[in-house]
Engineer: 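Here you go, one structure.
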Amino acid sequence: MPELPEVETTRRGIAPSLEGRRVEAVRVFDPRLRWPVPAELAGALAGQRIEAVRRRAKYLLLETAGGTLILHLGMSGSLRVSDPETPRRRHDHLEIRLDSGRCLRLHDPRRFGAALWTREPPAEHPLLAPLGPEPLGEGFDGAYLRRVGRGRRQAIKPFIMNNRIVVGVGNIYANEALFRAGIHPRRAAGRISARRMEALVEAIRAVLAAAIEQGGTTLRDFLREDGQPGYFRQRLEVYERGGEPCPRCTATIRQALIGQRSSYYCPRCQR
DNA sequence: CAACGGACCTGCCTGC
DNA sequence: TGCAGGCAGGTCCGTT
């Protein structure tokens, strides 16, 4: 479910309830996530004060003086701040009780998500260390993308979805950014001019920023931590619109599998 | 190395 | 109605 805008929306939603609070207890109802939830997590996190809730790529980082809880929402994960008295839902796998009397619950039907603990600086964790630049940060520009794409024959769409190249661009926003930039999703990454690569970078930034502003995209089940949906879905121009007219030129939008993922594009506008 | 397919899971929808 | 099959927002890992 969540791409960068949904994770960032979640971060902004939960941070005010977490920052500055002390963890009173941690309960793991089902440790079978993508990797087993470490047995030491509950003991290590209990008693710690949450100093900051940060995001790196699609990872959420709950930082304390004793270590960092690394959370990933996978395809179907979500976080809710709730009253501990509220009955647990099916697929609520982890609960963190706070000294405010509230609790944070991780809900994840498909269990592709993760909850890990590290005492090292999180940037050095093996999962985070190899990640490419943040798309909305410094260090991500046309010159960079052109340089790392040089000589690559891989299609541009899976290329920008590779988190060693740039993080946070999932299937929805890859489709949308390529449409905005007028680039065909199958075009080889190494065969895009500097000018068009710059346009692609700007399109990625613009679509992610706009989606964050709208609270993310709710397709099926993504809900913000307050239970509200994100409103970016109505702004999607090609995603899940196969067979509809292109909003720019009225040609019929195509759907095809590229790199195993559903891809949507206008065969006339995108070259 | 780059590129690709498989794997991990549940839920939901479609079509027979 | 039941059941098989396909698909879903991610990404690691093993193989070519």
Side-chain angles (χ1 to χ4, degrees), chain A residues 1-10 29-37 55-60 70-79 89-94 106-116 125-132 135 147-178 185-191 204 207-208 211-212 214-224 229-236 238-243 255-264:
Chain A
M1 156 230 309
E3 298 188 33
L4 188 147
E6 292 71 44
V7 177
E8 178 61 20
T9 295
T10 299
F29 303 111
D30 190 344
R32 298 172 305 159
L33 299 186
R34 169 150 201 182
W35 297 282
V37 177
R55 178 186 61 73
R56 169 71 173 115
K58 296 174 191 166
Y59 294 93
L60 286 169
I70 301 175
L71 294 174
H72 196 287
L73 302 178
M75 290 275 264
S76 59
S78 60
L79 290 167
R89 293 179 297 166
R90 187 165 146 82
H91 305 305
D92 279 351
H93 305 311
L94 177 71
L106 172 66
H107 178 83
D108 186 4
R110 290 174 75 178
R111 291 191 276 116
F112 286 179
L116 300 169
H125 190 278
L127 287 173
L128 307 210
L131 296 175
R147 177 165 55 77
V148 295
R150 188 172 299 153
R152 298 258 205 149
R153 286 191 243 175
Q154 187 182 29
I156 187 66
K157 180 164 176 271
F159 181 73
I160 58 173
M161 292 176 68
N162 177 347
N163 64 22
R164 287 167 191 249
I165 302 302
V166 59
V167 302
V169 184
N171 200 33
I172 298 177
Y173 301 109
N175 280 298
E176 294 297 311
L178 288 164
R186 278 196 216 276
R187 174 167 285 273
R191 304 204 51 192
I204 289 171
V207 75
L208 293 178
I212 290 170
Q214 296 293 306
T217 298
T218 297
L219 283 182
R220 295 165 188 84
D221 52 8
F222 171 72
L223 293 179
R224 298 158 29 159
Y231 296 109
F232 196 70
R233 184 177 190 176
Q234 57 210 70
R235 307 274 202 91
L236 298 178
V238 291
Y239 190 79
E240 287 195 332
R241 292 191 186 279
Q255 175 176 8
L257 272 191
I258 301 174
Q260 323 289 91
R261 308 300 298 271
S262 268
S263 304
Y264 303 85

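Lettering follows sequence order; numbering is per chain, from 1.
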Engineer: NA contact type, A:R32, heavy-atom cut-off 4.0 Å: base, sugar-phosphate, or nothing?
Structural biologist: nothing
Engineer: Checking A:R220 now: which residues fulfil salt bridge (Lys or Arg N to Asp or Glu O under 4.0 Å) with it, not counting sequence neighbours?
Structural biologist: A:E240
Engineer: Distance-only, no hydrogens or angles: does the A:R241 side chain make a donor-acceptor pair with backbone N or O of A:L236 under 3.5 Å?
Structural biologist: yes
Engineer: For nucleotides 11-15 of chain C, print each protein N/O atom paired with a nucleotide N/O atom at under 3.5 Å, atom names and distance only.
Structural biologist:
| unit_1 | atom_1 | unit_2 | atom_2 | d |
| --- | --- | --- | --- | --- |
| C:dT11 | OP1 | A:H72 | NE2 | 2.6 |
| C:dT11 | OP2 | A:K58 | NZ | 3.0 |
| C:dT11 | O4' | A:R34 | NH1 | 3.4 |
| C:dT11 | O2 | A:R34 | NH1 | 3.3 |
| C:dT11 | O2 | A:R34 | NH2 | 3.3 |
| C:dC12 | OP1 | A:Y59 | OH | 3.4 |
| C:dC12 | O4' | A:R34 | NH2 | 2.6 |

Engineer: Using atom CG of A:L4 as one end and atom P of C:dG10 as the other, report the distance to the nearest whole Å.
Structural biologist: 11 Å
Engineer: Scan A:Y239 against the nucleic acid and name what it touches under 4.0 Å (heavy atoms): base, sugar-phosphate only, or nothing.
Structural biologist: sugar-phosphate
Engineer: Applying salt bridge (Lys or Arg N to Asp or Glu O under 4.0 Å), name anything that partners A:R235, two or more places apart in sequence or on another chain.
Structural biologist: none
Engineer: Among residues at least two apart in sequence or on other chains, which ones pass salt bridge (Lys or Arg N to Asp or Glu O under 4.0 Å) with A:R110?
Structural biologist: none
Engineer: By centroid distance (under 5.5 Å) and plane angle (under 30°), are A:F112 and C:dG10 in a stacked arrangement?
Structural biologist: yes
Engineer: Is A:E176 reaching over with its side chain to a backbone N or O of A:Y239, donor-acceptor style, under 3.5 angstrom?
Structural biologist: yes
Engineer: For residues 152-162 of chain A, which side-chain N or O atoms pair as donor and acceptor with protein atoms under 3.5 Å away, sequence neighbours left out?
Structural biologist:
| unit_1 | atom_1 | unit_2 | atom_2 | d |
| --- | --- | --- | --- | --- |
| A:K157 | NZ | A:N171 | OD1 | 2.6 |
| A:K157 | NZ | A:S263 | OG | 2.9 |
| A:N162 | OD1 | A:R164 | N | 2.9 |

Engineer: At less than 3.5 Å, do the side-chain atoms of A:R110 and the base atoms of C:dG10 form a donor-acceptor pair?
Structural biologist: no
Engineer: A:R224: which residues meet the salt bridge (Lys or Arg N to Asp or Glu O under 4.0 Å) condition with it, sequence neighbours left out?
Structural biologist: A:D226
Engineer: With heavy atoms of chain A within less than 4.0 Å as the criterion, where does contact along DNA chain B begin and end?
Structural biologist: B:dA2 to B:dG11
Engineer: Looking only at atom P, what distance separates C:dG6 and B:dG6, rounded to whole Å?
Structural biologist: 13 Å
Engineer: Which heavy atom in A:T217 sits nearest to a heavy atom in A:F222, and how many Å separate them?
Structural biologist: O-CD2, 3.7 Å
Engineer: Could you tell me whether the phosphate oxygens of C:dA8, OP1 or OP2, come under 4.0 Å of any side-chain nitrogen or oxygen in A:S262?
Structural biologist: yes
Engineer: Provide, to the nearest angstrom, the distance between the CD atom belonging to A:Q214 and the P atom belonging to C:dG9.
Structural biologist: 21 Å
Engineer: Say we look at C:dG14 and B:dC9: how far apart would their P atoms be, to the nearest angstrom?
Structural biologist: 16 Å
Engineer: Take atom P in C:dC7 and the same atom in B:dG5, then report the distance between them in whole Å.
Structural biologist: 15 Å
Engineer: Quick one: list whatever passes side-chain contact (heavy atoms from CB on, under 4.5 Å) with A:H93, sequence neighbours left out.
Structural biologist: A:D30, A:L33, A:H91, A:D108, A:R111
Engineer: Quick one: list whatever passes side-chain contact (heavy atoms from CB on, under 4.5 Å) with A:A256, sequence neighbours left out.
Structural biologist: A:R186, A:Y265
Engineer: What is the distance from CD of A:E240 to P of C:dG9, rounded to the nearest Å?
Structural biologist: 8 Å
Engineer: Going by the rule ring pair (Phe, Tyr, Trp, His ring centres under 6.0 Å), which residues pair with A:F112 if we only count those two or more places apart in sequence or in a different chain?
Structural biologist: none
Engineer: State which residues pass side-chain contact (heavy atoms from CB on, under 4.5 Å) with A:N163; sequence neighbours excluded, sorted by chain then number.
Structural biologist: A:L131, A:V167
Engineer: Distance check needed: C:dA8 C1' versus A:L257 CG, whole Å only.
Structural biologist: 12 Å
Engineer: How would DNA chain B look in dot-bracket form, 5' to 3', counting Watson-Crick and G-U wobble pairs with both distances under 3.5 Å and writing | for bases paired to another strand?
Structural biologist: .|||||||.|||||||
